[in-house]
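Here's the structure, in structure tokens; my notes come after.
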Amino acid sequence: MPRLPSEFYLREEVTVIARELLGQLLVTEKEGKRTSGLIVETEAYRGPEDKASHAYNNRRTPRTEVMFGPGGHAYVYLCYGIHHLFNVVTGPADRPHAVLIRAIEPVEGLEIMMARRNRTLSKQLTSGPGLVGEALALRAHDTGASLLSGEMVWIERQPPLLDAAILATPRIGVDYAEECAAWPWRFSIRQNEWVSGKKIAG
DNA sequence: GAGTAGATCGGCT
DNA sequence: GCCGATCTACTCG
């Protein structure tokens with residue numbers, strides 16, 4: 001399948017991109033091992049005005065620098081000293097937006113992902129941002145990698161979802177972000193078994 | 001099943 | 001020196 005093109009990532013509205021990333025295929029290839037999964041849960045982080053974003057108030061540091069570049073690149077950072085969280089940088093240059101990939105539905109390389117996670121095939125394999133990072137062998141040094149021309153990580157086009165299949169709820173773990181914490185910028189595929197958290201009715 | 005401590009370290013104040 | 005866009009194991013019931 002062809003990769004998503006640069007025009008997909010360069011758009012200004014990060015919440016639209018976060019929605020449209022649902023159902024797309026996230027692929028990594030490390031040491032000749034291809035692993036992939038359908039994106040089932042995302043969160044949008046809208047740069048300067050979003051208190052939950054690392055780039056809030058245009059905070060520009062070595063770590064956040066990649067978000068100030070054009071969309072279509074990887075932003076991977078270490079969280080709690082343990083977990084590598086993978087984000088897609090979006091928007092034109094100097095608009096530091098990003099989409100956190102929170103969960104995937106495994107498609108290729110299941111044995112490889114199970115070995116990396118030391119888990120059998122279950123929701124525990126890739127249902128959470130830290131778990132996605134481990135299953136796909138994403139690391140902080142992948143930050144800056146091009147999703148358009150890179151050979152380590154990219155996203156392949158899949159058929160778009162219907163709006164009715166998408167659920168919008170508040171983001172997870174951003175209580176410190178005051179009024180921004182309530183914004184419904186976590187998007188997931190309704191009824192999908194691989195979305196993180198407890199299963200809820202509806 | 002629910003609640004919570006512990007892991008573990010780079011980035012920033 | 002503090003703490004986080006988290007996850008797991010262990011406790012108690």
Side-chain angles (χ1 to χ4, degrees), chain A residues 9 14-15 17-19 21-22 26 37 39-69 71 73-91 95-106 113-145 147 153 155 167-188 193-201:
Chain A
Y9 301 105
V14 64
T15 55
I17 297 175
R19 282 173 161 271
L21 279 171
L22 293 175
L26 176 60
I39 297 169
V40 301
E41 181 179 348
T42 62
E43 281 178 1
Y45 287 84
R46 194 164 71 188
E49 62 267 27
D50 181 358
K51 292 180 179 176
S53 170
H54 293 162
Y56 172 58
N57 208 14
N58 279 315
R59 180 170 45 185
R60 195 161 183 158
T61 69
R63 181 174 68 151
T64 63
E65 186 61 30
V66 67
M67 284 199 279
F68 289 84
H73 294 81
Y75 171 44
V76 185
Y77 77 97
L78 184 63
C79 187
Y80 294 99
I82 303 173
H83 305 293
H84 295 271
L85 273 52
F86 172 76
N87 297 253
V88 176
V89 175
T90 72
R95 299 295 296 155
H97 302 164
V99 177
L100 171 67
I101 305 302
R102 287 191 55 88
I104 63 173
E105 176 179 327
M113 290 192 270
M114 287 188 279
R116 287 174 182 155
R117 291 271 305 112
N118 193 27
R119 288 288 184 286
T120 53
L121 182 61
S122 78
K123 185 170 168 174
Q124 316 304 319
L125 194 63
T126 56
S127 187
L131 309 188
V132 170
E134 185 169 33
L136 296 181
L138 289 160
R139 296 268 162 193
H141 64 66
D142 289 307
T143 281
L147 305 180
V153 53
I155 301 175
L167 201 59
T169 55
R171 294 173 294 181
I172 305 294
V174 296
D175 294 345
Y176 60 88
E178 301 171 12
E179 75 279 11
C180 309
W183 295 349
W185 285 3
R186 172 188 180 220
F187 303 100
S188 57
E193 295 295 321
W194 296 88
V195 172
S196 75
K198 295 177 190 167
K199 187 156 69 171
I200 49 174

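Letters go in sequence order (proteins before strands), and every chain restarts at 1. Small disclaimer: the values here were computed from a predicted structure and weren't measured.
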With the criterion being N/O to N/O and under 3.5 Å, what pairs connect the protein with nucleotides 8-10 of chain C, and how long is each?
residue : atom : partner  : partner atom : Å
C/dT8   : OP1  : A/Arg117 : NH2          : 2.6

Taking N or O atoms only and anything under 3.5 Å, show me the protein contacts with nucleotides 10-13 of chain B, one pair per line.
residue : atom : partner : partner atom : Å
B/dC12  : OP1  : A/Thr61 : OG1          : 2.5
B/dC12  : OP2  : A/Thr61 : OG1          : 3.1

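Panel note: side chain A/Asn57, backbone A/Arg59; no donor-acceptor pair is recorded below 3.5 Å. In terms of modelled atom types and a separation under 3.5 Å, the side chain of A/Lys123 and the main chain of A/Ser196 share no donor-acceptor contact.
The salt bridge (charged side-chain N to carboxylate O under 4.0 Å, His left out) test applied to A/Arg46 returns A/Glu13, A/Glu49, not counting sequence neighbours. The ring-ring contact (aromatic ring centres under 6.0 Å, His included) check on A/Tyr77 picks up A/His54, A/Tyr75, with sequence neighbours excluded. Residues satisfying the side-chain hydrogen bond (donor to acceptor under 3.5 Å, both in side chains) test with A/Arg116, not counting sequence neighbours, are A/Thr35. For A/Arg117, the salt bridge (charged side-chain N to carboxylate O under 4.0 Å, His left out) partners two or more places apart in sequence, or in a different chain, are A/Glu134. With sequence neighbours excluded, no residue satisfies ring-ring contact (aromatic ring centres under 6.0 Å, His included) with A/Trp194. Take A/Arg186 and apply the salt bridge (charged side-chain N to carboxylate O under 4.0 Å, His left out) test, not counting sequence neighbours, and it matches A/Glu41. By the salt bridge (charged side-chain N to carboxylate O under 4.0 Å, His left out) test, A/Arg95 pairs with A/Glu12, sequence neighbours left out.
The distance from the CZ atom of A/Arg119 to the CE atom of A/Met114 is 13.0 Å, given to the nearest 0.5 Å. In this structure, CG on A/Leu85 lies 9.5 Å from CG on A/Leu131, to the nearest 0.5 angstrom. Between A/Leu26 atom CG and A/Ile155 atom CD1 the span is 5.5 Å, to the nearest 0.5 Å.
A salt bridge between A/Lys51 and A/Glu178 is present, with a side-chain N of the basic residue lying under 4.0 Å from a carboxylate O of the acidic one.
When the C1' atom is used for both C/dA5 and B/dG3, the distance is 22 Å, rounded to whole Å.
When side chains are defined from C-beta on, A/Arg139 does not count as touching A/Val76, because their heavy atoms never get closer than 4.5 Å.
With a cut-off of 3.5 Å on both pairing distances, the Watson-Crick and G-U wobble pairs of DNA chain C assemble into stems of 3 or more at B:1-7 with C:6-12, B:9-12 with C:1-4.
Less than 4.0 Å separates DNA chain C from at least one heavy atom of each of the following residues of residues 174-188 of chain A: A/Val174, A/Tyr176. Residues of residues 81-89 of chain A having a heavy atom closer than 4.0 Å to DNA chain B, listed by number: A/Gly81, A/Ile82.
Rounded to an integer number of Å, the gap from CG of A/Leu138 to P of C/dT6 is 16 Å. Between A/Met67 atom CE and C/dA5 atom P the separation is 11 Å, expressed in whole Å. Between A/Tyr77 atom OH and C/dC3 atom C1' the separation is 12 Å, expressed in whole Å. In this structure, the CZ atom of A/Arg171 is 16 Å from the P atom of C/dG4, given to the nearest Å.
Considering A/Arg102, A/Arg171, A/Arg19 in turn, A/Arg102 is the only one that fulfils the salt bridge (Lys or Arg N to Asp or Glu O under 4.0 Å) rule with A/Glu43.
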